[in-house]
Amino acid sequence: MSTLSTHILDISTGKPAAGVTVHLEREGEIMATGVTNVNGRITEFVPFLPKGRYRLVAEIGAWFSETGRDTLYPCAQIDFVTGETGGEHFHLPFVIAPGGWSTYRGS
C-alpha cells in the first residue's frame, strides 16, 4: 500500500497556498478531502492507498477568488496510478498561478 501527500505553491506570489480544498478521488468517488495548512501542505489523505488509479483535485478557482484574483481554471487535477510496490510514498505538489498550473513528482 502507498501513502500520499501534496502541497500547493502560488508561484505568482512565491508563497504557499493555505486554505485550498483538495479532494482525493478514485473511480469518480471522493475518498477524502483535505485543506492545505499555513505551509500549503496536506501531509496525509488516508492512511494507505491500495493499487489503483486516482485523481487529486485542487479547488484553485475558489481559492484565487477568495484572494481577490481571477483565474481561468476552477480546479487543477493530477491523475496518477499506484502500483504493486508496498510502502511507496507519492508526494504530488501543485504549482499554481492565475494563468496556469503544473505538477511534478516530489519526494
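Looking only at side-chain heavy atoms (C-beta outward), I8 and I96 come within less than 4.5 Å of each other. I60 has its side chain out of reach of F94: every pair of non-hydrogen atoms, C-beta onward, lies at least 4.5 Å apart. The closest side-chain heavy-atom distance from V35 to V20 is not below 4.5 Å.
By the criterion of side-chain heavy atoms lying less than 4.5 angstrom apart, applied directly or through intervening Ile, Leu, Val, Met, Phe, Trp or Tyr residues, M31 is grouped together with F90 in one hydrophobic cluster. Side-chain heavy atoms closer than 4.5 Å link hydrophobic residues (I, L, V, M, F, W, Y) into clusters, and following such links, possibly through other members, connects F64 to Y73.
Nearest heavy atom pair, residue T82 against residue P50, reads OG1-O, 2.9 Å.
A search for side chain to side chain contact (heavy atoms under 4.5 Å, CB included) contacts involving S65 returns nothing, not counting sequence neighbours. For E44, there are no side chain to side chain contact (heavy atoms under 4.5 Å, CB included) partners two or more places apart in sequence or in a different chain. Contacts of R55 classified as salt bridge (Lys or Arg N to Asp or Glu O under 4.0 Å), with partners at least two apart in sequence or in another chain: D79.
Atom CG of L24 and atom CD1 of I30 lie 9.5 Å apart (nearest 0.5 Å). Atom OG1 of residue T36 and atom CG of residue L9 lie 11.0 Å apart, to the nearest 0.5 angstrom.
Among residue pairs with one or both ends in residues 7-27, those qualifying as salt bridge (charged side-chain N to carboxylate O under 4.0 Å, His left out) are D10-R69; sequence neighbours excluded. The ring-ring contact (aromatic ring centres under 6.0 Å, His included) contacts involving residues 6-56 comprise H7-H91, Y54-F80, where partners must be two or more places apart or lie in separate chains.
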Show the atom names and distances, to 0.1 Å, of all donor-acceptor pairs under 3.5 Å that link a side chain in residues 98-107 to residues at least two apart or in another chain.
unit_1	atom_1	unit_2	atom_2	d
T103	OG1	P93	O	2.6
R105	NH2	E88	OE2	3.3
R105	NH2	H89	O	2.9

Worked check of side chain to side chain contact (heavy atoms under 4.5 Å, CB included) between L92 and L56: CA-CA 9 Å; L92 303 176; L56 273 181; 4.2 Å; yes
